Amino acid sequence: MHTDTSSASRLRHDPLVRGLGWASALLGVPQVVAPAGFARALGVGDALRHRSATTAVGVRELAAATGLLGRPHPAWLWGRVGGDLMDLTMLTRALKNHDGRGLGRTVAATAAVTAITATDVYAAVTRTRRSTPMELTAATTVTQPPDEVYALWRDLERLPDFMAHLDEVRVTGPRTSHWRAGAPFGEVEWDAETTQEVAGRLIAWRSVDGADIDNSGEVRFEPAPGGRGTEIRVTLRYDLPGGALGKAVARYFGEEPHQQLDDDLRRFKQIAETGEVVRSEGAPGGKRARGEFPQHPARPLTEDELKEALA
């Protein structure tokens, strides 16, 4: 298994990676040494097929422990994710065919494995160095003049009002700011600097060194044809952690990047034109993990509802 020295050293001293390695060891030993007792503890009985499955899982856990503690690599973390899914499949089948004895223990085991799976997915995605360069574009038209639309967007600390994934933007200097955002498996932060600005026309920025996710982008404000307001054109560029697999996992948890940007622009248009985020009958997709605003015939959110929706 190939891995560069710096990556191995980084993972070898990573508390989460080492913790998962020791967890695999502590789970694997009793499953190999006493598979019947372990199976009974899970409430699934000690029939031959259960003992065999328990032993196989124990061997897999010990292999993962050896890899994570000896030669750590993201592949071992993804291996744990694959194993977790197999375990959940077996436990789900056991629940379906359960005879009722020890059912509570099997339910508890299923809940525990679900929590472990979430932890393993988080570790695998965030510890995988590969990244997928992404470039997103979106546009909308706002029935307000460019200078007013630009001024609204330029008030960076108001961006979380319409960008639902943003938790906070804090201005730290004339051209610098600190950003904090929600992600499918946790929170990310970065410092950004404004690289180009033309009043009423353009804002461009990029993250500085040390960002959890490297990103850059620009927003252009152009007069709409026929004096019908302002055309907003947004371009975002960033590296999505975890490569293509990380992108697929993010989409599964409702954080599809293109849909997210479209949703943000839709809410910006509402704020620019009405002063508030309004509801619509059809909830846009791609927000399941974050919790889309409750939907019913259009009306402004109350102050308490807006706070709850953006929390």
Side-chain angles (χ1 to χ4, degrees), residues 16-17 19-69 73-128 182-186 241-256 259 283 285-292:
L16 180 56
V17 172
L20 292 175
W22 283 112
S24 283
L26 293 173
L27 285 171
V29 169
Q31 291 182 90
V32 171
V33 173
F38 196 93
R40 285 195 300 270
L42 295 181
V44 297
D46 57 358
L48 177 60
R49 68 179 186 278
H50 295 147
R51 296 199 304 272
S52 299
T54 300
T55 301
V57 171
V59 170
R60 189 197 72 219
E61 292 285 4
L62 291 177
T66 301
L68 291 173
L69 297 175
H73 188 279
W76 290 112
L77 295 170
W78 288 112
R80 276 186 58 92
V81 172
D84 292 339
L85 296 177
M86 292 172 59
D87 295 346
L88 283 174
T89 299
M90 289 190 292
L91 286 168
T92 300
R93 187 176 302 156
L95 285 172
K96 183 178 179 180
N97 302 316
H98 214 287
D99 61 9
R101 290 178 296 180
L103 178 60
R105 295 196 300 273
T106 307
V107 171
T110 303
V113 172
T114 301
I116 291 171
T117 301
T119 303
D120 286 338
V121 170
Y122 171 80
V125 169
T126 57
R127 270 65 177 178
T128 299
F185 307 108
L245 184 56
K247 180 180 178 182
V249 171
R251 183 180 292 112
Y252 176 80
F253 280 91
E255 297 286 349
E256 207 290 322
Q259 183 65 59
K287 309 271 320 159
R288 290 180 297 277
R290 296 285 297 170
E292 183 55 73

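All values below come from the heavy atoms of this structure, side chains included, with hydrogens, waters and symmetry mates left out. Just so you know, these numbers come straight off a predicted model, no measurement behind them. Along the sequence shown, residues are numbered consecutively beginning with 1.
Judged as a salt bridge (charged side-chain N to carboxylate O under 4.0 Å, His left out), and not counting sequence neighbours, the contacts of Asp87 are Arg60.
Around the CZ atom of Arg93, the shell of radius 6.0 Å holds no more than 12 heavy atoms that belong to other residues, nucleotides or ligands.
Heavy-atom minimum distance, Trp76 versus Ala63: CZ3-O, 3.5 Å. What you find for Val113 and Asp84 is that their closest heavy atoms are CG1-O, 4.1 Å. Smallest separation of non-hydrogen atoms from Leu91 and Thr106: CD2-CG2, 4.4 Å.
Sequence neighbours left out, the pairs with a member in residues 25-42 that pass salt bridge (charged side-chain N to carboxylate O under 4.0 Å, His left out) are Arg40-Asp46.
No side-chain donor-acceptor contact under 3.5 Å links Arg51 to the backbone of Ala36.
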Candidate pair Val121 and Leu77, rule side-chain contact (heavy atoms from CB on, under 4.5 Å), full reasoning: CA-CA 8 Å; Val121 170; Leu77 295 170; over 6 Å; no
Evaluate side-chain contact (heavy atoms from CB on, under 4.5 Å) for Met90 paired with Val57, printing each intermediate quantity in order. CA-CA 11 Å; Met90 289 190 292; Val57 171; 3.6 Å; yes
Identify all side-chain donor-acceptor contacts of residues 24-33 below 3.5 Å with residues at least two apart in sequence or on another chain.
{"unit_1": "Ser24", "atom_1": "OG", "unit_2": "Leu20", "atom_2": "O", "d": "3.4"}
{"unit_1": "Ser24", "atom_1": "OG", "unit_2": "Glu61", "atom_2": "OE1", "d": "2.9"}
{"unit_1": "Ser24", "atom_1": "OG", "unit_2": "Arg80", "atom_2": "NH1", "d": "2.3"}
{"unit_1": "Gln31", "atom_1": "NE2", "unit_2": "Leu27", "atom_2": "O", "d": "2.8"}

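In this structure, the side chains of Tyr122 and Leu16 come closer than 4.5 Å at one or more pairs of heavy atoms.
Taken to the nearest 0.5 Å, the CH2 atom of Trp78 stands 10.0 Å off from the CG atom of Asp120.
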